[in-house]
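For reference, the structure is listed below as structure tokens.
Remember, it's 1-based here, ligands and their atoms both numbered in the order they're listed. Atom set for the values below is all heavy atoms of this structure, side chains included, hydrogens, waters and symmetry mates excluded.
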Amino acid sequence: MKHTVFCIFFLIFSIGLKAEDGHRLWLRASATSPVIVQCARHSATLDIAVNELKKGWQGRPGETVILKLVKDKQLKNDGFRLSATEIQANSETGILYGVYELLRRQQTGEPVRNELINPSYNLRLLNHWDNLNGTIERGYAGYSIFWHGEDSLAVSDRDKKLWAEYARANASVGINGSVLNNVNASPKMLTSEILQRAKAIADVLRPYGIKTFLAVNFASPQVIGGLETADPLDPEVKKWWYDKAKEIYSLIPDFGGFLVKANSEGQPGPQNFGRTHADGANMMADVLLPYGGIVMWRAFVYDPSDEDRAKQAYNEFMPFDGQFRENVIIQVKNGPIDFQPREPFSPLFGAMKHTAVMPELQITQEYLGQSTHLVFLSTMWEEFLQSDTWQEGEGSTVARCTDGSIFDQKYSAIAGVANIGLDANWCGHHFAQANWYAFGRLAWDNSLSSAQIADEWLKLTFKPEKQFSPIDWNLIFLLPVKQMMLESHEATVNYMMPLGLHHIFAANHHYGPGPWWAPKDWRKDWTPPYYHQAGDDGIGFDRTANGSNAVSQYHEPLTTQLGNLQTCPEAYLLWFHHLPWDYNMKSGRTLWDELCYHYDEGVQQVRQFQKIWDKAERFVDAERFSAVQKKLREQSLNAGEWKDACLLYFQQFSKMPVPYELERPVNNLETLMEKDRRMLHRGPTN
Ligand code: GCV
């Protein structure tokens, strides 16, 4: 009887939840009451702002809201003054951001006080690693929304609708620029035919305040321009870029500028012509300067030398500090290696004092379970942004070193490598949308907490239109699911690479474990043993003064702190130290036992996530519920494989048992290695 009553009750509630494919992202709410909007001017952007208010108003019925353009010195370009009935801004985009802020607060139940709100960074950019043939490098959510092939350049209504939806989502979280193509850039990007399509995209993005940028191939003057060289000091090469810039600006008058990956992983650059990064970046900067454009020059460089890969970007870029033009920004990945599950911050942050430096984060989860694992990246980014570089004394956080609060810089910027594709839900995993959202929110306000961001996102994305008891929704859905999000990054670090381990992926796909992978003729720094250094004597990469001395690239007291075993945070222990298996950890366990505990903890955490999600079923529409449920099952299985693969592999060296109180491995090492070999369809990459 009790059971029947429960079933009827459950049915009544679940029938009300319409299936959702996730396409509406966090923009699901519609108006609950009418509003009168007064805005003295019309423009594409202001009209969007007015319409958004009308479509999404959840405030007092019949309220009048004033949108007012002002000249207020306290406001930055995109900033605004907010109150419950008025938004003031210096720019139209400021008004638009104010509208989205007001609506967000109404929809999440946050108070609206009189506030002045300025963004942390001037430029808040998505980098799309989209290829002209429609594929996406490290994309896990289908094909490109921008490019469908070089023979398919006509712009359809479907394209335009999707681009407008994309632009709206970006604007709603404050993102104001998009780099439309892969940093491994095809020279063809700059041909006139392709630029026409870039123009069409830019036209759709513009009213939402989004500027268009392009990634460019340094050898373009040779490859598509027919010149004999791409030497940045060659007058003909300079002229080629001048002419190209002129052509681009005639199509896209507010074009933002170039993103360049040069002399990195086989991409051409100034060094091919005996020139420096500064020579190359400055030439392009000069070309763009008359139009107000900028150059984002990536510092993701490393070569197959014997030098520790973690040191190379710093070594290569520091000598040029102060030599770059004002409209050049050096774009630096958060960590010194490559978007690993956990890295210390790159020592370039704060160290380049006379050059603008911008962080590059990776929203697409190349190394974090791609679109299968639920990993809320905000906690990782928060940890990174709040890391103290000590470069200008205590409190010189990465956030402050890059947003213009410490260094005098004309441009401040932050970029995220997008996780967006043609999948109905844009990001492959419903919870991966939270990472797009979080990137935008942190780019707007780099002091936001992940708890706040998760709270907002969950309310906007999952609050059922149907009324449940708010107490139930809070207790069974909001709080536990938020907690799951907040723990998810640490869980992934635990089951993949705890205690500072890094880059121990199987070759090529960067998905599953492969600590064993080391073909003889392959670059050592593209193989996991280079990074974990496991042997009979222990595990970890010695980056102390006795080893590669990468610690010396950090500012004191960090050099000493990281180099000293007593003070190095255990989260980075094996990043900086090579230690014996029986090394005594703070917990009193041996290093080997501690590793086992972390791997096991990661697996248990994901099992717990499954319980949380299953329990929340009645609050989620069936389509999104089961999609996430399936992915969590896969994640649980994968977490177990990670644990078994790493522990069974490292056990060959530690020769110590997995602590008997922990769950035993359920996979055999040989089977896991075989699975890895089968996944290796294509040739390996780094
Ligand atoms: C776009 C890593 C990725 C590459 C990526 C590169 C980069 O190596 O695996 O796919 O290339 O980083 O950031 O340039």
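- No more than 12 heavy-atom neighbours from other residues, nucleotides or ligands sit within 6.0 angstrom of NZ on K188.
- Residue nearest to atom 12 (O) of ligand 1, selected from R138, E360, K333: K333 (by heavy-atom distance).
- Every atom of ligand 1 with a heavy atom of F300 under 4.0 Å away is listed here by number and element: 6 (C), 7 (C), 8 (O), 12 (O), 13 (O), 14 (O).
- Each of the following atoms of ligand 1 lies closer than 4.0 Å to a heavy atom of V183: 1 (C), 14 (O).
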Please set out all donor-acceptor pairs under 3.5 angstrom arising from side-chain atoms of residues 139-147, sequence neighbours excluded.
from, atom 1, to, atom 2, distance (Å)
S144, OG, D130, OD2, 2.8
S144, OG, F146, N, 2.8
S144, OG, W147, N, 2.9
W147, NE1, L180, O, 2.8

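- When the options I201, L25, V204, L126 are evaluated for a side chain to side chain contact (heavy atoms under 4.5 Å, CB included) with Y166, the one that passes is L126.
- In this structure, T402 contributes its side chain and V398 its backbone to a donor-acceptor pair below 3.5 Å.
- Here Y367 and Y511 keep their ring centres 6.0 angstrom or further from each other.
- With sequence neighbours excluded, no residue forms a salt bridge (charged side-chain N to carboxylate O under 4.0 Å, His left out) with K524.
- Polar contact with ligand 1: present for E137 (N/O pair, distance under 3.5 Å).
- Counting the atoms of ligand 1 from 1 in the order shown, those under 4.0 Å from a heavy atom of N182 are 1 (C).
- Below 4.0 Å from some heavy atom of D338 lie the following atoms of ligand 1, by number and element: 2 (C), 8 (O), 12 (O).
- Residue Q267 places every heavy atom at 4.0 Å or more from ligand 1.
- Proximity of F339 to ligand 1, defined as any heavy-atom pair under 4.0 Å, is not found for any part of the residue.
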